[in-house]
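Since we're looking at a predicted model, the values are computed, not measured.
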Amino acid sequence: MGIRPLPEPLQKVAIEELNEDPKRVEADLANFKEWILQQPHLKARMDDQFLIAFLRGCKYSLEKAKVKLDNFYCLREKYPDLLKRPDLEDPKVRELLKLGIILYLPEPLTESGPRLVLVRNGAYDPSKVSFGELAQVRQLISDIVMMEDDFAVVGGLIFVMDFSQVGASHLFQVNPGVMRKVTQYSEQALPLRIKATHFIDTPSGFEPVFNLVKPLLPEKLQNRLYVHGAKREELFKVIPKKFLPKDYGGDNKSIQELIDHWEAKILSYMEFFKEENQYGADETKRIKEETTNQADTSLGLVGSFRKLVVD
């Protein structure tokens, strides 16, 4: 079947929080694949490990998994400037990989997750790099994480957003229209659950932008945002220093070591991303009565493979 067995603590979370029934995983995947094959507008990756990320991310609601997978491909076609997977042979893309804007950290917070993610928001020159180019690199990393990081897929993600290098020119790149697209994709297409986002070393101009963007986010996400400003000690109460890179006073790998690791990891997926070009969505072929690509995924699309345990 090609699904990695989960370590016991993660399997416990998958069963208790995500409604996974190990005895039914094979049948659940078969049902999902059957639906995909019936969609003339979709050409989707059919790897078990890829598809189970959507089932787990949607707590085994088949209808929600359909919506997310549909949006995963359809939004990519709709917003290529942000969501297209870039060419790894492009010299500029290679340079972007060396910046290490987004770094998934080696140690999860507990033996059952979540995965910790450091985002170095100002670690680039905005006169040379667009927000869209950074967003495209982000997609490369999230694709890899969906394929191989069970702590992220099952346990969720905690983001640490470092604004220490952010200036006005970085903030000017972020407008409500762009953020709405990024948020739409993260919320409606990615099966990775965000447990919390911590903002550190925020500049003086951060609050107005933050207050502008926050209402665009779903209420659930708004309640998981924490702004610490320059008070890193507040962050360390939630995420002990030992999990963070040496550059942050932590005990983990240095930023440069993490950059080198992720650059090599992404380049090792070169053939995978070349394959990605064959997958996508063609709206002209969509069966018109299909409703799985609704912008609002709460419009009655809450069916399930089986009775869900309400958490």
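Taking CG of Leu29 as the start and CZ of Arg24 as the end, the distance is 11.0 Å to the nearest 0.5 Å. Between Tyr185 atom OH and Arg76 atom CZ the span is 6.0 Å, to the nearest 0.5 Å. Here Leu244 contributes atom CG and Leu116 contributes atom CG; the two are 7.5 Å apart, rounded to the nearest 0.5 Å. Here the CZ atom belonging to Arg4 is positioned 11.5 Å from the CG atom belonging to Asp48, to the nearest 0.5 angstrom. Atoms CD1 and OH, on Ile266 and Tyr269 in that order, are 10.5 Å from each other to the nearest 0.5 Å. For the atom pair NZ of Lys98 and CD of Gln256, the computed distance is 9.0 Å after rounding to the nearest 0.5 Å.
Between His198 and His228, the ring-plane angle classifies as parallel under the 30° and 60° cut-offs. Aromatic ring orientation, Phe50 versus Phe54: perpendicular (interplanar angle above 60°, classes split at 30° and 60°). Between Tyr124 and His170, the two ring planes are perpendicular [angle over 60°; tilted spans 30° to 60°].
No hydrogens or angles considered: nothing links the side chains of Glu148 and Gln49 as a donor-acceptor pair under 3.5 Å. Residues Arg138 and Ser186 bring a donor and an acceptor atom of their side chains to less than 3.5 Å of each other. For the residue pair Gln39/Tyr73, the side-chain donor-acceptor check at 3.5 Å is not satisfied.
The residues Lys92 and Glu95 are annotated as not salt-bridged, no charged nitrogen and carboxylate oxygen being separated by less than 4.0 angstrom. Using a 4.0 Å cut-off between a side-chain N of Lys or Arg and a carboxylate O of Asp or Glu, Glu133 and Lys84 do not qualify as a salt bridge.
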Show the numbers, then the answer: is there a side-chain contact (heavy atoms from CB on, under 4.5 Å) between His41 and Thr284?
-> CA-CA 7 Å; His41 72 291; Thr284 65; over 6 Å; no
Would you check, one step at a time, whether the test salt bridge (charged side-chain N to carboxylate O under 4.0 Å, His left out) holds for Lys241 with Asp251?
-> CA-CA 7 Å; Lys241 277 186 182 181; Asp251 301 330; over 6 Å; no
Under the side-chain contact (heavy atoms from CB on, under 4.5 Å) criterion, do Leu258 and His261 qualify, and how do the steps go?
-> CA-CA 5 Å; Leu258 290 169; His261 167 80; 5.5 Å; no
Lys12 and Glu8: CA distance, side-chain angles, deciding distance, salt bridge (charged side-chain N to carboxylate O under 4.0 Å, His left out) verdict | CA-CA 6 Å; Lys12 188 169 185 286; Glu8 191 174 335; over 6 Å; no
Residue pair Tyr248, Asp162: steps toward the side-chain hydrogen bond (donor to acceptor under 3.5 Å, both in side chains) verdict | CA-CA 10 Å; Tyr248 290 76; Asp162 179 0; 2.4 Å; yes
Take Asp201 and Arg232 through the salt bridge (charged side-chain N to carboxylate O under 4.0 Å, His left out) test and state the conclusion after the steps.
-> CA-CA 8 Å; Asp201 296 334; Arg232 285 198 181 183; 2.6 Å; yes
Steps toward salt bridge (charged side-chain N to carboxylate O under 4.0 Å, His left out) verdict (Glu107, Lys253) = CA-CA 10 Å; Glu107 304 284 335; Lys253 292 180 177 179; over 6 Å; no
Could you give me the CA-CA distance, side-chain angles and deciding distance for Val154 and Leu6, then say whether side-chain contact (heavy atoms from CB on, under 4.5 Å) is met?
-> CA-CA 9 Å; Val154 176; Leu6 294 173; 4.2 Å; yes
For side-chain contact (heavy atoms from CB on, under 4.5 Å), just list the numbers for Phe131 and Val174, CA-CA rounded to whole Å, side-chain angles, deciding distance to a tenth of an Å, and then say yes or no.
-> CA-CA 7 Å; Phe131 187 85; Val174 184; 4.1 Å; yes
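Minimum interatomic distance between Cys74 and Arg286 (heavy atoms only, all atoms of both residues): SG-NH2, 3.2 Å. When all heavy atoms of Asp81 and Gln136 are compared, the closest pair comes out as O-NE2, 3.2 Å. Heavy-atom minimum distance, Arg94 versus Leu88: NE-O, 2.6 Å. Shortest non-hydrogen contact noted between Phe151 and Glu111 is CE2-O, 3.2 Å. Minimum heavy-atom separation, Leu82 to Gly132: CD2-CA, 3.7 Å. Of all heavy-atom pairs between Gly280 and Glu77, the closest is CA-OE2, 3.6 Å.
Side-chain N or O atoms of Lys33 include none that pairs as donor or acceptor with a backbone N or O of Asp47 at under 3.5 Å. A donor-acceptor pair under 3.5 Å links the side-chain atoms of Arg224 to the main chain of Ile194, judged by distance alone. Checking side-chain atoms of Arg115 against main-chain N and O of Pro106 turns up a donor-acceptor pair under 3.5 Å. Looking only at distances, no side-chain donor or acceptor of Asn121 sits under 3.5 Å from a matching main-chain atom of Phe163. Judged by distance alone, with hydrogens and angles left aside, the side-chain atoms of Asp247 form no donor-acceptor pair with the main-chain N or O of Ser254 at under 3.5 Å. Side chain of Gln173 to main chain of Val129: a donor-acceptor pair is present (N/O by atom type, distance under 3.5 Å, no hydrogens or angles). With Ser61 contributing its side chain and Cys58 its backbone, the two residues share no donor-acceptor pair below 3.5 Å. A donor-acceptor pair is defined here as one N or O able to donate and one able to accept, closer than 3.5 Å; such a pair exists between the side chain of Asp87 and the backbone of Glu89. The backbone N or O of Tyr104 lies less than 3.5 Å from a partner atom in the side chain of Trp262, making a donor-acceptor pair. In this structure, the side chain of Asn223 engages the main chain of Glu219 through a donor-acceptor pair within 3.5 Å.
Note on Leu212: it does not cluster hydrophobically with Phe172, by side-chain heavy-atom contacts below 4.5 Å among ILVMFWY residues. Tyr226 and Leu109 are not part of a single hydrophobic cluster, where members link through side-chain heavy atoms under 4.5 Å apart. Criterion: ILVMFWY side-chain heavy atoms under 4.5 Å apart, direct or through other members. Under it, Met270 and Val145 are part of a common hydrophobic cluster.
Between Asn31 and Glu34, some side-chain heavy-atom pair lies under the 4.5 Å cut-off. Considering only heavy atoms from C-beta on, Glu20 comes within 4.5 Å of Ile52 through its side chain. At least one side-chain heavy atom of Pro22 sits under 4.5 Å from a side-chain heavy atom of Gln11. The shortest distance between side-chain heavy atoms of Lys128 and Leu96 does not fall below 4.5 Å. Proximity of Leu37 to Met46: side-chain heavy atoms (C-beta onward) are separated by under 4.5 Å at one or more points. Using a 4.5 Å heavy-atom threshold, the side chains of Tyr79 and Gln184 count as touching. Residues Phe199 and Thr197 meet the side-chain proximity criterion, which asks for heavy atoms closer than 4.5 Å. For the pair Asp70/Leu42, a side-chain contact is recorded, criterion being any heavy-atom separation below 4.5 Å from C-beta on.
Other residues, nucleotides and ligands contribute over 12 non-hydrogen atoms within 6.0 Å of the NZ atom of Lys195. When the shell of 6.0 Å around CD of Gln222 is examined, it contains more than 12 heavy atoms from other residues, nucleotides or ligands.
With Asp143 as the fixed residue, the salt bridge (Lys or Arg N to Asp or Glu O under 4.0 Å) test singles out one of Lys265, Arg45, Arg85: Arg85.
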